[in-house]
Amino acid sequence: MLSMRYIPLLFCFLLEACTMNEATLNTGTWRVVLEIQGQHLPFNLDLDQSKNGTYTAWLRNAEERLLMDEVTVTNDSIEIVIHTFDAVLKASIRQPDVMHGVFIINYADDYRIPFTAYHGQSYRFTPVDTAASVTDFTGKYDVQFFNESNTVNALGIISQTGNYATGTFLTPTGDYRYLEGNVINDTLWLSTFDGNHLYLFNAVKENNRITGTHWLGRSRNRRWQGVLSENAQPPPTESLTYLKKGYDRLEFTFPDVDGRPVSLQDDVYKNNVVLVQILGTWCPNCMDETRFLVDWYSKNAHRGVDIIGLAYEQKPDFEYASSRVKKMMEKLHIPYTVLIAGESDNAKASETLPALNRVVAFPTTIFVGRDGKVKYIHTGFSGPGTGVYFEQEKERFNEIVNQLVNNQ
């Protein structure tokens, strides 16, 4: 028989267990703050619960909302899979309006970044005041990022209303997508988190020049500067990767997601225009381009145009790479063939395509004419976060394809 002196302890234990099983999680907007390199990188998260009890989340960066439909809530914890990426947000929900957790990249060694999330906070760095009198950073900038061994030129675009700011940077290898933030004490702060990019920027302005720091993920950072200029232009994107002397064609054979070998020289591709997309499931810019290609292909496949994706993944293991690509194809409804081409390392990727001088960027798009010869190579992709440059990107893409299709 249970001693009477243990009954209060048993009651407390059962009460605690019931409390844990019935942990409450508030839906709506959350402000998530990642801790990187002694800095705070904020982003926003929307959380919804359906009538059947399942949860859905969206990552928010400025105008962007990235759907995450793999959300698991168990007892006092939550796990959010970051759409197509091999990464998760895991957190405790012991309090309904505060979460403490970590962002984890599964394929990387011990890649864990702590965060705290606050319910009901919809701002980025500080509450928005559209009437605030602060330094105005609005404009186009000729930008330079200073790495240890080289300098990267870019176009910077910043838009500001009061103390609220958005922007992006266009580099030779792609854009930095949607940046959002605030001006605090005349210092600009911008951030983005999309499951792969963990970017934090600050800058101060003197006359027409801005200078600051760019923090990248858990360990890298670099100085940057920009000069205000209405004539600032994006860096060139059709000259970084090219065919080596003596080559006019691209030849490859790689397995598809089921292990069947596919070659660009297969009969099914002969006499067609073929777009070869170099990508990775870990790459946000690749996902931007893929969404564009999926929509474009649904309207243009009948014109004698094929697309082949070459996926370069984070591990050399075929089963791992195939599972990541299958998930991407399902999530993005990709109707064209995607092959498992190799590892995401630029040098290793270059070795798999010996006709190219090098693979500089993910994504890279190679345009092959009806005669089987390479006509154009485009590095990077200016996605929807770049506004007018996204429209120009699409126009240039269609200009090239129309030229190749009409060249009988």
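- Aromatic ring centres of Tyr164 and Tyr123: separated by at least 6.0 Å.
- For residues 206-218, the pairs satisfying side-chain hydrogen bond (donor to acceptor under 3.5 Å, both in side chains) are His214-Arg222, with sequence neighbours left out.
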Exercise. Determine, stepwise, if the pair Ile400 / Glu238 fulfils side chain to side chain contact (heavy atoms under 4.5 Å, CB included).
Key: CA-CA 12 Å; Ile400 293 174; Glu238 294 182 18; 4.1 Å; yes
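- Within the 4.5 Å cutoff, the side chain of Val88 has no heavy atoms near those of the Ile80 side chain.
- Of the charged side-chain nitrogens involved, at least one lies within less than 4.0 Å of a carboxylate oxygen, so that Asp295 and Lys299 count as a salt-bridged pair.
- Take Trp296 and apply the side-chain hydrogen bond (donor to acceptor under 3.5 Å, both in side chains) test, not counting sequence neighbours, and it matches Asn398.
- The environment of CD in Gln392 is crowded: more than 12 heavy-atom neighbours from other residues, nucleotides or ligands sit within 6.0 Å.
- Using modelled atom types, one side-chain atom of Gln265 and one backbone atom of Leu250 make a donor-acceptor pair closer than 3.5 Å.
- Looking at Met287 and Phe85, their side chains come closer than 4.5 Å, going by heavy atoms from C-beta outward.
- No side-chain heavy atom of Thr171 sits less than 4.5 Å from a side-chain heavy atom of Asn153.
- When the shell of 6.0 Å around CG of Asn185 is examined, it contains 12 or fewer heavy atoms from other residues, nucleotides or ligands.
- In terms of heavy atoms, Val134 sits closest to Gly162 at CG2-O, 3.4 Å.
- In this structure, Pro172 and Thr237 approach most closely via the heavy-atom pair O-CG2, 4.2 Å.
- Because its NZ or CZ atom is not both nearer than 6.0 Å to the ring centre of Phe367 and within 45° of the ring axis, Lys375 does not count as a cation-pi partner of that residue.
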Quiz item: So Leu198 and Leu34, side chain to side chain contact (heavy atoms under 4.5 Å, CB included) or not? Walk me through it.
Solution: CA-CA 9 Å; Leu198 286 77; Leu34 295 159; 4.0 Å; yes
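- Residue pairs meeting the side-chain hydrogen bond (donor to acceptor under 3.5 Å, both in side chains) criterion with at least one member in residues 278-289, sequence neighbours excluded: Asp175-Asn285, Arg177-Asp288, Gln277-Glu289, Thr281-Glu313, Glu289-Thr365.
- By the side-chain hydrogen bond (donor to acceptor under 3.5 Å, both in side chains) test, Thr364 is found to be paired with no residue, residues two or more places apart in sequence or in another chain being considered.
- A donor-acceptor pair under 3.5 Å links the side-chain atoms of Asp266 to the main chain of Ser263, judged by distance alone.
- In this structure a side-chain-to-backbone donor-acceptor pair under 3.5 Å is missing from Lys90 to Ile78.
- You'll find the side chain of Val405 reaches within 4.5 Å of the side chain of Val305, heavy atoms only.
- Residue pairs meeting the side-chain hydrogen bond (donor to acceptor under 3.5 Å, both in side chains) criterion with at least one partner in residues 337-351, sequence neighbours excluded, are Gln314-Ser344, Glu343-Lys348.
- Listed by first and then second residue, the salt bridge (Lys or Arg N to Asp or Glu O under 4.0 Å) pairs that reach into residues 35-46 are Asp46-Arg60, Asp46-Arg65, sequence neighbours excluded.
- No close placement of the Tyr376 and His378 rings is indicated, their centers lying 6.0 Å or farther apart.
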Self-check item: Full working for side chain to side chain contact (heavy atoms under 4.5 Å, CB included) between Phe397 and Leu275
Solution: CA-CA 11 Å; Phe397 178 92; Leu275 314 178; 3.4 Å; yes
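- Two residues are said to be in side-chain contact when any heavy atoms from C-beta on lie closer than 4.5 Å; Val143 and Leu155 fail this criterion.
- Atom OG1 of residue Thr386 and atom CZ of residue Phe169 lie 13.5 Å apart, to the nearest 0.5 angstrom.
- Nearest approach of Ile93 to Ser77, heavy atoms of both residues: CG1-N, 3.6 Å.
- Asn402 and Arg303 share a side-chain donor-acceptor pair at under 3.5 Å.
- Ion pairing between Asp317 and Lys315 fails under the 4.0 Å rule for side-chain N and carboxylate O.
- Atom-to-atom distance recorded for Ile366:CD1 and Leu243:CG is 8.0 Å, nearest 0.5 angstrom.
- Side-chain contact between Leu279 and Tyr312: absent, with no pair of heavy atoms (C-beta onward) separated by less than 4.5 Å.
- For the residue pair Thr54 and Ser50, a side-chain donor N or O sits within less than 3.5 Å of a side-chain acceptor on the partner.
- Salt-bridge annotation for Glu399 and Arg396: present, with a side-chain N of the basic residue lying under 4.0 Å from a carboxylate O of the acidic one.
- A side-chain donor-acceptor contact under 3.5 Å links Asn182 to the backbone of Phe125.
- The aromatic ring centres of Phe103 and Phe115 sit 6.0 Å or more apart.
- For Ala301, the side chain to side chain contact (heavy atoms under 4.5 Å, CB included) partners at least two apart in sequence or on another chain are Tyr297.
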Self-check item: Evaluation steps, side chain to side chain donor-acceptor pair (under 3.5 Å), between Asp97 and Asn26
Solution: CA-CA 6 Å; Asp97 56 353; Asn26 285 336; 5.7 Å; no
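- Of all heavy-atom pairs between Phe254 and Ala341, the closest is CE2-O, 3.6 Å.
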Practice problem: Please step through side chain to side chain contact (heavy atoms under 4.5 Å, CB included) for the pair Ser322 and Lys326, ending with a clear verdict. | Solution: CA-CA 6 Å; Ser322 176; Lys326 285 179 179 177; 3.5 Å; yes
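- Residues passing the side-chain hydrogen bond (donor to acceptor under 3.5 Å, both in side chains) test with Glu251, sequence neighbours excluded: none.
- Taking each heavy atom of Ala203 and Trp224 in turn, the nearest pair found is CB-CZ2, 3.6 Å.
- With sequence neighbours excluded, the residues forming a salt bridge (charged side-chain N to carboxylate O under 4.0 Å, His left out) with Asp69 are Lys331, listed by chain and number.
- Summarising the local packing, OH of Tyr242 is surrounded by 12 or fewer heavy atoms from other residues, nucleotides or ligands at distances under 6.0 Å.
- A donor-acceptor contact shorter than 3.5 Å is absent between the side chain of Gln160 and the backbone of Leu188.
- Each salt bridge (Lys or Arg N to Asp or Glu O under 4.0 Å) pair with one or both residues in residues 160-174, not counting sequence neighbours, would appear here, but there are none.
- Within a 6.0 Å radius of CZ in Arg249, other residues, nucleotides and ligands contribute more than 12 heavy atoms.
- Two residues are said to be in side-chain contact when any heavy atoms from C-beta on lie closer than 4.5 Å; Asp194 and Leu66 meet this criterion.
- Closest approach of Asn61 to Ser191, counting heavy atoms only: OD1-O, 4.5 Å.
- Annotation: side-chain hydrogen bond (donor to acceptor under 3.5 Å, both in side chains) contacts of Gln49 (sequence neighbours excluded): Tyr55.
- Counting only heavy atoms from C-beta outward, the side chains of Lys327 and Val81 approach each other to under 4.5 Å.
- Counted by atom type alone, Asp136 and Thr138 present one or more donor-acceptor pairs between their side chains at under 3.5 Å.
- A salt bridge (Lys or Arg N to Asp or Glu O under 4.0 Å) check over residues 105-134, counting only residues at least two apart or in different chains, returns the pairs Arg124-Glu180.
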